[in-house]
Amino acid sequence: MTMPGESPMTLFSLTTRAMSAQMVRMNAATSNLANAGSVSSTEEGAYRPIRAVFSVELDRASGLAGVTSGGLVRAETAPTKRYDPGHPLADAEGFIFEAPVDETAEMVEIMESARQYQNLVQALQTAKQLMLETLRSQ
């Protein structure tokens, strides 16, 4: 919704928000990928993947719907318990807890968000070109 004193959403502000959302999504997946394979001596201490949460925001003045970030949430996925008594982080029973990160899924998430970002850049370029052509024809 447009707050008092704010201008209505435009194609440019809408696209900028969407691009920011894709960057948040990409950064979360990159963080997950960076922590893949990390281990802990406790189940509670093991890294849990994070995901960006988004919600739709309607601008009544323009009728456009945009995206807003609701923050990041940790996955409830349990870490992988692995018997490795020689590992320096092994608990008293010889177990370590590995981060439950699916590297393939994270790479797909990164590629999808990068592609969406690229599509948004192209949409902005097209809108800019159409506006310039409209101005030239007048």
Side-chain angles (χ1 to χ4, degrees):
M1 284 186 263
T2 305
M3 299 299 289
E6 285 186 23
S7 58
M9 252 190 241
T10 65
L11 174 65
F12 295 104
S13 65
L14 185 70
T15 308
T16 301
R17 284 183 177 200
M19 290 170 73
S20 294
Q22 292 305 325
M23 286 303 297
V24 169
R25 183 179 166 205
M26 190 182 309
N27 286 337
T30 302
S31 178
N32 293 338
L33 197 56
N35 285 286
S38 65
V39 295
S40 175
S41 58
T42 65
E43 185 173 359
E44 298 78 29
Y47 178 83
R48 301 292 202 296
I50 55 175
R51 288 283 172 242
V53 177
F54 301 106
S55 59
V56 176
E57 183 178 56
L58 176 65
D59 179 46
R60 294 181 199 271
S62 66
L64 295 173
V67 65
T68 185
S69 177
L72 300 172
V73 294
R74 290 237 174 251
E76 295 298 321
T77 312
T80 305
K81 185 176 180 180
R82 192 174 73 216
Y83 184 70
D84 188 355
H87 196 284
L89 291 177
D91 64 11
E93 298 172 358
F95 289 100
I96 57 172
F97 298 87
E98 189 172 357
V101 176
D102 181 346
E103 294 175 44
T104 303
E106 298 304 330
M107 287 300 297
V108 168
E109 184 77 7
I110 291 168
M111 288 187 304
E112 284 180 358
S113 58
R115 183 69 179 144
Q116 291 299 321
Y117 189 92
Q118 190 177 33
N119 289 342
L120 291 162
V121 169
Q122 184 62 47
L124 274 178
Q125 290 173 340
T126 301
K128 176 184 162 188
Q129 187 62 37
L130 289 172
M131 292 174 98
L132 288 172
E133 287 177 20
T134 301
L135 289 172
R136 285 187 200 128
S137 66
Q138 291 184 1

With no hydrogens and no angle check, is any side-chain donor or acceptor of [X] less than 3.5 Å from a backbone partner on [Y]?
X     : Y     : result
Thr30 : Met26 : yes
Thr15 : Phe12 : no
Asp91 : Gly94 : yes

Which atoms form the tightest heavy-atom contact between [X] and [Y], and what is the distance?
X     : Y     : answer
Phe54 : Ala21 : CZ-O, 3.3 Å
Ala18 : Val67 : CA-CG1, 3.9 Å
Thr42 : Phe97 : C-CD1, 3.4 Å
Val56 : Ala65 : CG1-CB, 3.9 Å

To the closest 0.5 Å, what do you measure between [atom1] ([X]) and [atom2] ([Y])?
X      : Y      : atom1 : atom2 : answer
Phe95  : Ser40  : CZ    : OG    : 14.5 Å
Met23  : Leu120 : CE    : CG    : 12.0 Å
Asp102 : Thr77  : CG    : OG1   : 10.0 Å
Leu11  : Thr126 : CG    : OG1   : 10.0 Å
Gln129 : Gln122 : CD    : CD    : 10.5 Å

Fill in: salt bridge (Lys or Arg N to Asp or Glu O under 4.0 Å) partners of residues 104-123, not counting sequence neighbours, each pair once
Arg25-Glu109, Arg25-Glu112, Arg51-Glu106

Worksheet item: Could you give all pairs that pass the salt bridge (Lys or Arg N to Asp or Glu O under 4.0 Å) test and reach residues 121-131, with sequence neighbours left out?
Response: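 Not a single pair qualifies under salt bridge (Lys or Arg N to Asp or Glu O under 4.0 Å).
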
Kindly list each side-chain donor-acceptor pair under 3.5 angstrom involving residues 79-87, sequence neighbours excluded, with atom names and distances?
residue, atom, partner, partner atom, Å
Arg82, NH1, Glu98, OE1, 2.6
His87, ND1, Leu89, N, 3.0

Discussion item. Are Leu33 and Ile50 connected into the same hydrophobic cluster when the rule is that any two of I, L, V, M, F, W, Y join if their side-chain heavy atoms are below 4.5 Å apart?
Written reply: no

Item to complete: Kindly work out whether a path of hydrophobic side-chain contacts (I/L/V/M/F/W/Y, heavy atoms less than 4.5 Å apart) joins Met19 to Leu72.
Response: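 No; Leu72 is not reachable from Met19 via cluster members.
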
Practice prompt. Inspect the surroundings of CD in Gln125 and state if more than 12 heavy atoms from other residues, nucleotides or ligands are less than 6.0 Å away.
Written response: yes

Practice prompt. In sequence, state the C-alpha distance, the side-chain angles, and the governing distance for Val39 and Tyr47, and then conclude on side-chain contact (heavy atoms from CB on, under 4.5 Å).
Written response: CA-CA 8 Å; Val39 295; Tyr47 178 83; over 6 Å; no

Worksheet item: Under a 4.5 Å cut-off applied to non-hydrogen side-chain atoms, are Ser69 and Ser20 in contact?
Response: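 They are not in side-chain contact.
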
